[in-house]
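Scroll down for the structure; my scribbles are underneath it.
Worth knowing before you read on, the calculation uses all heavy atoms, side chains too, and leaves out hydrogens, waters and symmetry mates.
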Amino acid sequence: MKMTVFFDGSFWCGLIEYVDQEKQYHVFKQTFGKEPNNAEIWHYVLFCLSSALERNEGPTKETIDADVLFEPKWSNPKRMQRELSRKKNQSVVSTKAQLALQMARELKKVQHKHVTHSKKEKLQEQRYQKRQVKKHQKQRGH
């Protein structure tokens, strides 16, 4: 299990990554707000992390097969050296975790778009039915 605390531009966040017994890679993000000190992070890990892990079983937590993520890829030595130097200069946040969170956001976005579209269609249908009822009442002279 790994927890990385970083500043995302407006809030301090904790990124929790772990691999369970079924070799599934899990990641979720905890927003702290203001900059947490060591005591607050320690308190979160000891008392709040277990309930947060249980609570994040929904679509906001992304699950990926860990064997696919940690599979070694062989390439030539110069390319590996370039990639290592790039990774060394990169920020602390794990790329796998960012990928998993991005996939979760995309899934949530698609679901929200579907719900919004169905609500809009339902509203249009209700308006149409209301106009039809009004039209029939005018024909009857009410």
Side-chain angles (χ1 to χ4, degrees), residues 1-139 142:
M1 181 173 288
K2 179 177 156 186
M3 180 176 175
T4 307
V5 178
F6 64 97
F7 186 68
D8 72 349
S10 55
F11 297 109
W12 284 88
C13 301
L15 194 67
I16 294 98
E17 309 170 71
Y18 66 97
V19 178
D20 63 3
Q21 287 96 7
E22 291 90 33
K23 299 280 186 184
Q24 294 289 314
Y25 175 78
H26 301 279
V27 61
F28 70 95
K29 185 171 143 183
Q30 172 65 36
T31 306
F32 289 111
K34 65 180 182 100
E35 182 175 7
N37 57 21
N38 289 339
E40 291 171 342
I41 293 172
W42 189 245
H43 180 268
Y44 177 78
V45 168
L46 289 178
F47 299 109
C48 306
L49 186 60
S50 61
S51 63
L53 291 174
E54 293 170 7
R55 189 175 57 237
N56 282 305
E57 291 295 326
T60 58
K61 186 177 81 170
E62 191 59 37
T63 303
I64 300 173
D65 190 19
D67 293 335
V68 173
L69 287 175
F70 300 116
E71 176 178 284
K73 296 178 183 174
W74 300 104
S75 62
N76 70 28
K78 287 184 179 180
R79 182 173 292 157
M80 270 200 303
Q81 192 174 15
R82 281 195 305 266
E83 288 176 5
L84 285 174
S85 65
R86 262 189 238 126
K87 286 182 182 180
K88 193 167 48 170
N89 294 331
Q90 217 175 23
S91 63
V92 182
V93 180
S94 170
T95 312
K96 294 179 289 249
Q98 287 174 343
L99 249 172
L101 287 173
Q102 182 181 6
M103 287 170 54
R105 279 194 299 269
E106 290 295 323
L107 178 67
K108 198 172 186 180
K109 184 172 143 183
V110 168
Q111 289 173 345
H112 183 270
K113 191 172 183 179
H114 177 70
V115 168
T116 305
H117 182 69
S118 62
K119 281 183 182 180
K120 193 173 182 181
E121 280 185 344
K122 190 176 180 182
L123 185 62
Q124 284 179 345
E125 181 65 29
Q126 287 174 350
R127 286 180 181 165
Y128 175 75
Q129 293 298 330
K130 195 174 182 180
R131 281 198 313 269
Q132 292 301 317
V133 168
K134 197 172 183 180
K135 185 168 124 182
H136 286 291
Q137 286 176 350
K138 276 186 173 180
Q139 290 245 329
H142 288 89

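- Atom-to-atom distance recorded for Lys2:NZ and Tyr18:OH is 15.5 Å, nearest 0.5 angstrom.
- The shortest distance between side-chain heavy atoms of Lys120 and Thr116 does not fall below 4.5 Å.
- Within the model, atoms NE2 of His112 and NZ of Lys108 stand 9.5 Å from one another, a figure rounded to the nearest 0.5 Å.
- Looking only at atom types and distance, the side chain of Glu125 has a donor-acceptor partner in the side chain of Gln129 under 3.5 Å away.
- When side chains are defined from C-beta on, Arg127 does not count as touching Lys130, because their heavy atoms never get closer than 4.5 Å.
- Between Val5 and Cys13 the shortest side-chain heavy-atom distance does not fall below 4.5 Å.
- Within the model, atoms CD of Gln102 and CD of Glu106 stand 6.0 Å from one another, a figure rounded to the nearest 0.5 Å.
- Evaluation of the side-chain hydrogen bond (donor to acceptor under 3.5 Å, both in side chains) test over residues 33-42, restricted to residues two or more places apart or in two chains, returns none.
- The NZ atom of Lys29 lies 11.0 Å from the CD1 atom of Ile16; values are rounded to the nearest 0.5 Å.
- Rounding to the nearest 0.5 Å gives a distance of 12.0 Å between CG of Leu49 and NE2 of His43.
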*Would you please test His117 and Lys113 for side chain to side chain contact (heavy atoms under 4.5 Å, CB included) and show each step?*
CA-CA 6 Å; His117 182 69; Lys113 191 172 183 179; 5.7 Å; no
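- Counting heavy atoms from C-beta on, the side chains of Lys134 and Arg131 never come closer than 4.5 Å.
- Note that CD of Gln98 and CG of Leu15 are 8.0 Å apart. Values are rounded to the nearest 0.5 Å.
- A tilted orientation is assigned to the rings of Phe7 and Trp12, their planes being inclined by 30° to 60°.
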